[in-house]
Q: 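Sharing a structure, written as structure tokens. Questions coming.
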There are 2 protein chains.
Amino acid sequence: MAAETGAESVESADAEEGADAEEGVRDAEDGAGEPDDSWGEVAPDAARRLLLAAVEAFAERGFHATTTRDIASRAGMSPAALYIHYRTKEELLYQISRVGHERSVRILTEAGNSAVTPADRLAAAVRAFVRWHAERHTTARVVQYELNALAEEHYAEIVALRRRSEEILRGILEDGVAAGDFTVPDTRGTALAVLSLCVDVARWFRSGGTRTPEELGELYAGLVLRMAGAPAGPAGESAGGADRGA
Amino acid sequence: MAAETGAESVESADAEEGADAEEGVRDAEDGAGEPDDSWGEVAPDAARRLLLAAVEAFAERGFHATTTRDIASRAGMSPAALYIHYRTKEELLYQISRVGHERSVRILTEAGNSAVTPADRLAAAVRAFVRWHAERHTTARVVQYELNALAEEHYAEIVALRRRSEEILRGILEDGVAAGDFTVPDTRGTALAVLSLCVDVARWFRSGGTRTPEELGELYAGLVLRMAGAPAGPAGESAGGADRGA
DNA sequence: CCGCTCCCTAAGCGGCTGCTCAGCAACCGT
DNA sequence: ACGGTTGCTGAGCAGCCGCTTAGGGAGCGG
């Protein structure tokens, strides 16, 4: 029941992104990296700290290699404290996965509605999606790559959210084909490939690297427009912004 | 000592492709699926059975969630038998990872040398690489996604092989740019994206699906040529071979 | 027949796992 | 002052983990 409290009040963490909660902008040397908001409004403070600790631990070592003792000690608590806020270790993963996937769907939906032409919609969606996966790569890695550690019922729920993401992307591609802007022989296969390409960013992206999340989003938006067979854009957005204008 | 024997004689075995079975969507209870060659010449028969069992188990549940008892019983042996052929559970993963990565490098090298023009070389490399990841997706999933369970020294060795793969691909892209066939503003970033796209096939591909490995290879080869800014190919290889003729 | 090697098993060891439970300090409205 | 609720801890349980060890049986050169 206390576990419910921690679980229930997660989902409305969207509006204000705490501009005050970021202390360690330059990534700490310990390896974890950014403070990672997104969990700004998890119920009691302790529940949020546990969630954050779990995200870091799962991202570093994977779900199965992470012990509940490790999560608790990262949160500065005793091993037993975890079970006041979450019923099982798996529920922790489930919360992370659910919130992350809902966020993904929202990013794609909003970006896909933010423009008129299919090319602009596709570029905006990829740009935002990639940027999120790069910026929040610690969270995203857990969200995208620890799925199959979920319990059967939770897994089914998450898979449904993933299908939503795929449908949103495929919808944009189909609109573009219908409008004659794209040339895609297999919209389903291409949508899958695009999603796969963007998601995989979470696996290899590192904060200290040469590319910023924004730059990577630009690069990928250009690559994906090409994959869709879109003619070169007006603002030089054909493949990373450094292409020729024509 | 016996562990060495099992390790040494692995690396050949390529010809015959079988692949007739299929897999459940999640972890099928019957086991994994295809026979998966590649391990055709592992030293004693028992060592090969253990390797194969480990591949299936790691692919289904992940390295950390797999027990040595599970591997041994899949191979029809007692838990202790594993340690006659391999020193630790991690060495099993290391052998799988090493052989798989060597295979990857070889596939890219050979395909990248099989043609003359950069476009044909790129297409051939992607086609072969994707096909392998789809056909042997059980093996490939372990090879590509269980890396960080490796011991430090083994991890370093594998990472070097991965860098080789990236360099081969980047080399093709750079040749294409130099020849004026490709338009790529950021060869390193694009090579990384292409590799990422191909590798991720192993994560979601299922044998029972609508696309065969060959079809997927064709689709991806077309997508990647577009990403590279190559003009539409002569044999309808613009994006999947199913495009309109003219 | 011997003795030796090669594979393999039954049993089990120490340690760590996820998770539980009794209890306690701090706060609450009354 | 006080019973009740909330949030947490120290201790620990049952069970599973990777891995080891002692020994057995099949094969084989002599």
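For clarity, every value in this text was computed on a predicted model and none was experimentally measured.
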Q: Give me the distances for all protein-to-nucleotides 23-26 of chain D N/O pairs that come in under 3.5 Å?
A:
none

Q: If the condition is side chain to side chain contact (heavy atoms under 4.5 Å, CB included), which residues does B:Ala65 pass it with, not counting sequence neighbours?
A: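 B:Ala65: side chain to side chain contact (heavy atoms under 4.5 Å, CB included) contacts with A:His64, B:Arg61.
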Q: If you restrict it to nitrogen or oxygen atoms, what contacts under 3.5 Å exist between nucleotides 23-29 of chain C and the protein, and what is each distance?
A:
none

Q: Using only atom types and a distance under 3.5 Å, with no angle test, would you say the side chain of B:Arg206 pairs donor to acceptor with the backbone of B:Trp204?
A: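 Such a contact is found between B:Arg206 side chain and B:Trp204 backbone.
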Q: Got a sec, which residues hit side chain to side chain contact (heavy atoms under 4.5 Å, CB included) with A:Ala46, two or more places apart in sequence or on another chain?
A: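 Scan of A:Ala46 (side chain to side chain contact (heavy atoms under 4.5 Å, CB included), adjacent residues dropped) gives A:Arg49, A:Met77, A:His85.
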Q: Test of understanding: with side-chain hydrogen bond (donor to acceptor under 3.5 Å, both in side chains), list the residues that count as partners of B:His154, not counting sequence neighbours.
A: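 B:His154 satisfies side-chain hydrogen bond (donor to acceptor under 3.5 Å, both in side chains) with B:Glu90 once adjacent residues are dropped.
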Q: Please give the angle, rounded to 10 degrees, between the axes at the start and the end of the helix from C:dC1-D:dG30 to C:dT30-D:dA1, where five pairs define each axis.
A: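 Taking five pairs per end, the axes differ by 0°.
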Q: Can you tell me how far the CD atom of B:Glu166 sits from the CG atom of B:Leu108, to the nearest 0.5 Å?
A: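 It is 11.5 Å, given to the nearest 0.5 Å.
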Q: For A:Tyr94, check side-chain hydrogen bond (donor to acceptor under 3.5 Å, both in side chains) against everything at least two apart and list the hits.
A: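 Result, side-chain hydrogen bond (donor to acceptor under 3.5 Å, both in side chains) vs A:Tyr94: A:Glu157.
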Q: Sequence neighbours excluded, which residues qualify as side-chain hydrogen bond (donor to acceptor under 3.5 Å, both in side chains) partners of A:Glu215?
A: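 Checked A:Glu215 against side-chain hydrogen bond (donor to acceptor under 3.5 Å, both in side chains); zero matches.
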Q: I'd like a table of atom pairs between the protein and nucleotides 16-19 of chain C - only N or O on both sides, under 3.5 Å - with the distance next to each one.
A:
residue : atom : partner : partner atom : Å
C:dG18  : OP1  : A:Thr66 : O            : 3.1
C:dG18  : OP1  : A:Lys89 : NZ           : 3.0
C:dG18  : OP2  : A:Thr68 : N            : 3.0
C:dG18  : OP2  : A:Thr68 : OG1          : 3.2
C:dG18  : N7   : A:Arg69 : NH1          : 2.9
C:dG18  : O6   : A:Arg69 : NH2          : 3.1
C:dC19  : OP2  : A:Tyr83 : OH           : 2.9
C:dC19  : OP2  : A:Lys89 : N            : 3.0
C:dC19  : O5'  : A:Tyr83 : OH           : 3.4
C:dC19  : N4   : A:Arg69 : NH2          : 3.4

Q: Check whether any side-chain N or O of A:His85 sits under 4.0 Å from OP1 or OP2 of D:dT6, and answer yes or no.
A: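 No, A:His85 has no side-chain N/O under 4.0 Å of OP1/OP2 on D:dT6.
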Q: Identify, with sequence neighbours excluded, every residue that meets side chain to side chain contact (heavy atoms under 4.5 Å, CB included) alongside B:Ala54.
A: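 With sequence neighbours excluded, B:Ala54 shows a side chain to side chain contact (heavy atoms under 4.5 Å, CB included) to B:Phe58, B:Ile71, B:Leu92, B:Ile96, given in chain and number order.
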Q: Can we say A:Glu102 and A:Arg106 salt-bridge, meaning some charged N sits less than 4.0 Å from an Asp/Glu carboxylate O?
A: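 Answer for the salt bridge query: no.
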Q: Mind calculating the distance between CD1 (A:Ile84) and C1' (C:dT20) to the nearest angstrom?
A: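 From A:Ile84 CD1 to C:dT20 C1': 12 Å.
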Q: Report yes or no: does A:Glu146 contribute a side-chain atom to a donor-acceptor pair with the main-chain N or O of A:Val142 at less than 3.5 Å?
A: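 Here the side-chain-to-backbone pair does not exist.
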Q: Atom CG of B:Asp45 to atom P of C:dC6: distance rounded to whole Å?
A: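 Spelled out: CG on B:Asp45 to P on C:dC6 is 18 Å.
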Q: Apply ring-ring contact (aromatic ring centres under 6.0 Å, His included) to A:Tyr220 and list each qualifying residue two or more places apart in sequence or on a separate chain.
A: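 A:Tyr220 satisfies ring-ring contact (aromatic ring centres under 6.0 Å, His included) with no other residue.
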Q: For B:Arg69, enumerate each residue passing the side-chain hydrogen bond (donor to acceptor under 3.5 Å, both in side chains) test, keeping only those at least two apart in sequence or located in another chain.
A: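 In terms of side-chain hydrogen bond (donor to acceptor under 3.5 Å, both in side chains), with neighbours along the sequence ignored, B:Arg69 is linked to no residue.
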Q: Take B:Arg162 and B:Gln144 through the test side chain to side chain contact (heavy atoms under 4.5 Å, CB included) and record every step on the way to the result.
A: CA-CA 10 Å; B:Arg162 292 175 80 85; B:Gln144 302 289 0; 2.8 Å; yes
